[in-house]
Amino acid sequence: MKLTKVSEIFDVKYGNSLSLSNLEQDNNGVPFISRTEKNNGISAKVKINNAELIPKNTISVSVGGSVMESFLQKEHYYTGYHILILHPKVKLTDNEMLYYCMCLRANKYRYSFGRQANKTLKDLEIPALDNIPSWVNESKIIYPNKNSIIDEEIKMENQTWKPFYLNDIFKIEKCKCSNASHLLKDGDDIFYIGAKKNNNGIMRKVKRDEKLVSKGNAIVFIGDGQGSVGYVTYQAQDFIGSTTLIAGYSNYLNVYNAQFLVTVLDLERYRYSFGRKYGKSIIEKSTIKLPEKENKPNWELMTNYIKSLQYASSL
């Protein structure tokens with residue numbers, strides 16, 4: 001394959017180097033891109049100020065923190081520190097831009113142990129324009145629907161919050177797969193969920209084995225596993241989960257309030273750092289602060305809050 005330097009295809013420039021704490025957040029504002037590997041690099045939406053907006057249809061690359069996380073940005077945006085911007089020198093399709101994001105991420109291994117990429121990004125080798133595989137432009141991109149579901153602004157700071165025991169909110173069950181390599185066969189029936197936060201915990205697809213299946217519409221607590229203890233995910237469909245996972249069920253749970261719960265529960269993750277496991281007995285005794293109504297979690301409010309946000313239509 002013919003290779004070329006990043007700087008042959010893109011102009012490489014620094015982003016804004018803004019501090020999020022100095023910006024006013026606004027759910028209807030412009031994306032603020034930081035050194036994260038999640039949510040297309042977006043940490044928040046902020047109001048436009050005097051800083052120059054970075055053009056859309058460019059690639060943001062984290063050169064510190066989550067080094068080489070690369071995302072195609074489809075809106076004008078601002079950035080935090082240690083973000084480089086790739087401006088294409090020639091017209092590229094969205095598919096081609098996403099392909100180059102993939103190529104850049106493939107170089108993450110070069111920047112282990114805290115090494116930054118700010119001085120070397122422009123000289124990294126990537127496939128030349130005439131060596132982009134044919135399948136790249138044959139693939140269909142599906143963009144999420146940006147619309148909210150309800151046209152109402154809900155301010156959570158005006159609500160009354162109260163701590164609730166998780167055991168009072170959820171029916172707690174341990175997941176059932178003790179040894180994936182021996183018990184599971186590759187297939188296309190059901191997702192195997194492991195002890196990781198990325199990709200919503202999905203490890204691979206496997207054949208369905210009813211004695212190992214956990215029901216969907218569940219909050220899943222990650223009880224063990226390097227780097228992910230204390231995080232949670234939401235599994236909408238039936239799944240097979242590692243025995244390091246605990247599933248929580250509620251008749252009030254839905255895809256909308258589940259996103260609210262996952263966000264709040266992830267904030268409790270600091271309690272389970274440094275190797276402390278997050279087992280069933282600990283989860284049952286743990287508490288979480290939630291909006292309340294008549295001394296019960298305000299499930300309707302949590303649902304409507306998520307429905308009022310951008311991209312709710314894509315959930």
Side-chain angles (χ1 to χ4, degrees), residues 19-29 31-32 34 36 38-39 42-47 147-173 197 200-201 216-223 228-236 245-274 276-315:
S19 174
L20 182 57
S21 61
N22 294 329
L23 300 173
E24 186 176 353
Q25 296 195 31
D26 179 1
N27 288 336
N28 296 314
F32 178 83
S34 68
T36 178
K38 303 174 185 176
N39 197 31
I42 300 172
S43 290
K45 292 288 190 76
V46 298
K47 286 189 175 180
N147 295 329
S148 60
I149 295 175
I150 60 175
D151 187 19
E152 177 185 358
E153 184 178 6
I154 300 174
K155 295 185 178 297
M156 298 309 298
E157 60 267 26
N158 297 334
Q159 309 302 324
T160 303
W161 293 61
K162 176 184 173 180
F164 296 93
Y165 282 101
L166 294 180
N167 198 35
D168 291 335
I169 301 174
F170 299 110
K171 178 183 177 184
I172 307 294
E173 297 181 3
K197 179 68 172 177
N200 207 45
N217 194 33
I219 296 291
V220 175
F221 301 84
I222 302 174
S228 295
V229 177
Y231 280 126
V232 301
T233 64
Y234 171 68
Q235 302 301 330
L245 306 179
I246 307 295
Y249 297 93
S250 169
N251 290 334
Y252 299 100
L253 190 66
N254 59 47
V255 67
Y256 304 106
N257 58 42
Q259 309 309 313
F260 189 99
L261 287 165
V262 165
T263 302
V264 176
L265 284 164
D266 276 351
L267 295 176
E268 298 293 313
R269 191 224 169 201
Y270 72 95
R271 303 180 188 276
Y272 306 97
S273 303
F274 309 108
R276 187 181 175 207
K277 294 186 178 181
Y278 198 24
K280 185 171 182 287
S281 61
I282 292 176
I283 291 171
E284 290 173 338
K285 297 173 185 176
S286 297
T287 61
I288 178 178
K289 274 192 173 182
L290 294 173
E292 65 89 22
K293 183 177 181 180
E294 298 177 353
N295 290 318
K296 295 180 180 179
N298 194 336
W299 296 96
E300 182 180 10
L301 175 69
M302 290 185 280
T303 296
N304 288 337
Y305 175 74
I306 298 298
K307 286 184 174 181
S308 73
L309 302 179
Q310 276 191 330
Y311 295 100
S313 297
S314 294
L315 292 176

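From a predicted model like this one, the values you see are computed outputs, not experimental measurements. When a residue number appears, it is its place in the shown sequence, counting from 1.
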Indicate every side-chain donor-acceptor pair of residues 21-28 with a distance under 3.5 Å to a residue at least two apart or in another chain.
from  : atom 1 : to    : atom 2 : distance (Å)
Ser21 : OG     : Ser19 : OG     : 2.9
Glu24 : OE2    : Lys47 : NZ     : 3.2
Asp26 : OD1    : Asn28 : N      : 3.0

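- The cationic atom of Lys293 (NZ for Lys, CZ for Arg) does not lie both less than 6.0 Å from the six-membered ring centre of Tyr252 and within 45° of the ring axis.
- Pro297 is listed as a side-chain neighbour of Met302, based on a closest heavy-atom distance under 4.5 Å.
- In terms of heavy atoms, Ala312 sits closest to Ile306 at CB-O, 3.3 Å.
- Evaluation of the side-chain contact (heavy atoms from CB on, under 4.5 Å) rule for Val255 yields Tyr234, Gln259, Leu315 as partners, not counting sequence neighbours.
- Closest non-hydrogen pair, Ser148 versus Ser308, comes out as CB-O, 3.5 Å.
- Between Phe170 and Gly248, the closest heavy-atom pair is CD2-C, 3.7 Å.
- In terms of the side-chain contact (heavy atoms from CB on, under 4.5 Å) criterion, Thr263 has no residue partners (sequence neighbours excluded).
- When all heavy atoms of Asp266 and Lys197 are compared, the closest pair comes out as OD2-NZ, 2.7 Å.
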Side-chain donor-acceptor pairs under 3.5 Å in residues 157-169, sequence neighbours left out?
from   : atom 1 : to     : atom 2 : distance (Å)
Gln159 : NE2    : Lys155 : O      : 3.4
Trp161 : NE1    : Met156 : O      : 3.2
Lys162 : NZ     : Asn295 : OD1    : 3.2

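- Partners of Asn304 by side-chain contact (heavy atoms from CB on, under 4.5 Å), not counting sequence neighbours, listed by chain and number: Ile150, Ile154, Glu300, Lys307.
- With respect to Pro31, the side-chain contact (heavy atoms from CB on, under 4.5 Å) criterion is satisfied by exactly one of Val46, Asn39, Ile42: Ile42.
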Quick one: do Thr287 and Glu268 satisfy side chain to side chain contact (heavy atoms under 4.5 Å, CB included)? Show the steps, please.
CA-CA 9 Å; Thr287 61; Glu268 298 293 313; over 6 Å; no

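- In this structure, Phe260 and Thr303 have side chains that are not in contact, with every pair of non-hydrogen atoms separated by 4.5 Å or more.
- One distance of note links CD1 of Ile288 with CD1 of Ile283; it measures 12.0 Å at 0.5 Å rounding.
- Rounding to the nearest 0.5 Å gives a distance of 10.5 Å between CG of Leu301 and CD of Glu292.
- Looking at every heavy atom in both residues, Val262 comes nearest to Thr233 through CG2-C, 4.0 Å.
- The two residues Asn217 and Ser250 have their closest heavy-atom pair at ND2-O, 4.4 Å.
- Counting heavy-atom neighbours within 6.0 Å of Glu153 CD, excluding the residue itself, gives a total of 12 or less.
- Atom CG of Asn254 is separated from atom CH2 of Trp299 by 8.5 Å, given to the nearest 0.5 angstrom.
- Scanning for ring pair (Phe, Tyr, Trp, His ring centres under 6.0 Å) contacts around Tyr249 gives an empty result, with sequence neighbours left out.
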